[in-house]
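Whatever order the structure lists them in is the order used to number ligands and atoms, beginning at 1.
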Amino acid sequence: MTQDQGLRAAFYGRIGAFRYNVEFTLPGHGITALSGPSGCGKSTVLRCIAGLERSAEGYCHFNGRIWQDGRKFIPAWKRPVGFVFQHPSLFPHMSVRQNLVFGSPGNWRASLRSGFSEVVTILDLETLLDRNVTQLSGGEKQRVAIGRALLRRPLLLLMDEPLSALDQARKSRILPYLKAFSKRMNIPVLYISHDRKEIDYLTDRIILMDAGQTFNPSINHDMENTACRKYPVFSAPLLGE
Ligand SMILES: Nc1ncnc2c1ncn2[C@@H]1O[C@H](COP(=O)(O)OP(=O)(O)OP(=O)(O)O)[C@@H](O)[C@H]1O
């Protein structure tokens, strides 16, 4: 792995009255959690990385390429980023198979060549391929949404509370799939969650935010302590990893 791999980002800006001032790095592999109290700016950070939001100042470099700096801004559709949201937005009139290949680069044949069966196997979707998506459970729908994002061959996957709409039993069923794909496909993932158990299972790397700011324990321990007091679900040892 070279030093250039992964994401280096800093965003400074405001949306209405909300100000954000964040700076962080993401390694070129594995899952990193992004957590913090509701409204602290986590989704805003993901939107800035994806290019869906343009921060007034800052930078975003991925694997040595500039996505944003003082002069340059690569639009969202040109960034090799997959996005999975809290609620899967699948096309209800299409089958699982059709939803999976929708939007993947090239035609149907190309998507079959570029890892379709691998994604289907990792996410255990074989038996569901010909079903209409309206006939799926919430967890199955979310697996299809993840599969669709992966088939677009992203180099970075952003997940915004992908399991928060599911009950504990469904969460437990889908978590191993998340762990499996990040390992097997070697895609770095930035994963928003409030759920400590979920984060403990998936990763030991966490970026903590509060009130529009990131806390970097290796830079500023006072800020880390403030973060832990305000958001005690995370302890200092985890942050200090
Ligand atoms: N389009 C918008 N216009 C004005 N303010 C916005 C807009 N989108 C978000 N905000 C504000 O920006 C702040 C950060 O919102 P954001 O959705 O990034 O937080 P979050 O940490 O992801 O929250 P949650 O955990 O509740 O999803 C909030 O105060 C929110 O009200």
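- Using a 4.0 Å cut-off to heavy atoms of Cys40, the atoms of ligand 1 that qualify are 19 (O), 21 (O).
- Ring centroid separation for the pair Phe91 and Phe102 comes in under the 6.0 Å cut-off.
- Distance screen at 4.0 Å: atom 31 (O) of ligand 1 has no protein heavy-atom neighbour inside the cut-off.
- Within the structure, the closest approach of Ser38 to ligand 1 falls below 4.0 Å when heavy atoms are considered.
- With hydrogens left out, the protein atom closest to atom 8 (N) of ligand 1 is Arg47 NH2, 3.9 Å, a heavy atom.
- Checked by atom type, the side-chain pair Glu161/Tyr191 shows no donor-acceptor distance below 3.5 Å.
- In this structure, the side chain of Lys141 does not engage the main chain of Gln135 through any donor-acceptor pair within 3.5 Å.
- Counting only heavy atoms of the protein, atom 11 (C) of ligand 1 lies nearest to Phe18 CB, 4.3 Å.
- Nearest protein heavy-atom neighbour of atom 27 (O) of ligand 1: Glu161 OE2, 3.7 Å.
- In this structure, Arg79 is not positioned above the aromatic face of Phe62 in the sense of NZ or CZ being under 6.0 Å from the six-membered ring centre and within 45° of the axis.
- In terms of modelled atom types and a separation under 3.5 Å, the side chain of Ser55 and the main chain of Gly58 share no donor-acceptor contact.
- The closest side-chain donor-acceptor pair between Ser193 and Asp195, if any, does not fall under 3.5 angstrom.
- Between the side chain of Asn21 and the backbone N or O of Tyr12, no donor-acceptor pair lies under 3.5 Å.
- In this structure, atom 7 (C) of ligand 1 lies nearest to the protein heavy atom Ile15 CG2, 3.7 Å.
- Counting protein heavy atoms only, atom 25 (O) of ligand 1 is closest to Lys42 NZ, 2.8 Å.
- With respect to atom 28 (C) of ligand 1, the closest heavy atom belonging to the protein is Gly39 O, 3.7 Å.
- In this structure, His194 is part of the shell of residues with a heavy atom less than 4.0 angstrom from ligand 1.
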- Verify salt bridge (charged side-chain N to carboxylate O under 4.0 Å, His left out) between Lys171 and Asp167, making sure each step is shown before the conclusion. CA-CA 6 Å; Lys171 264 189 198 181; Asp167 61 31; over 6 Å; no
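- Distances between N or O atoms of Gly41 and those of ligand 1 include at least one value under 3.5 Å.
- Checking Asp160 against Ser43 by side-chain atom types alone, a donor-acceptor pair falls below 3.5 Å.
- Closest to atom 17 (O) of ligand 1, if we only count protein heavy atoms, is Ser43 CB, 3.7 Å.
- Here the protein heavy atom with the shortest distance to atom 16 (P) of ligand 1 is Thr44 OG1, 3.7 Å.
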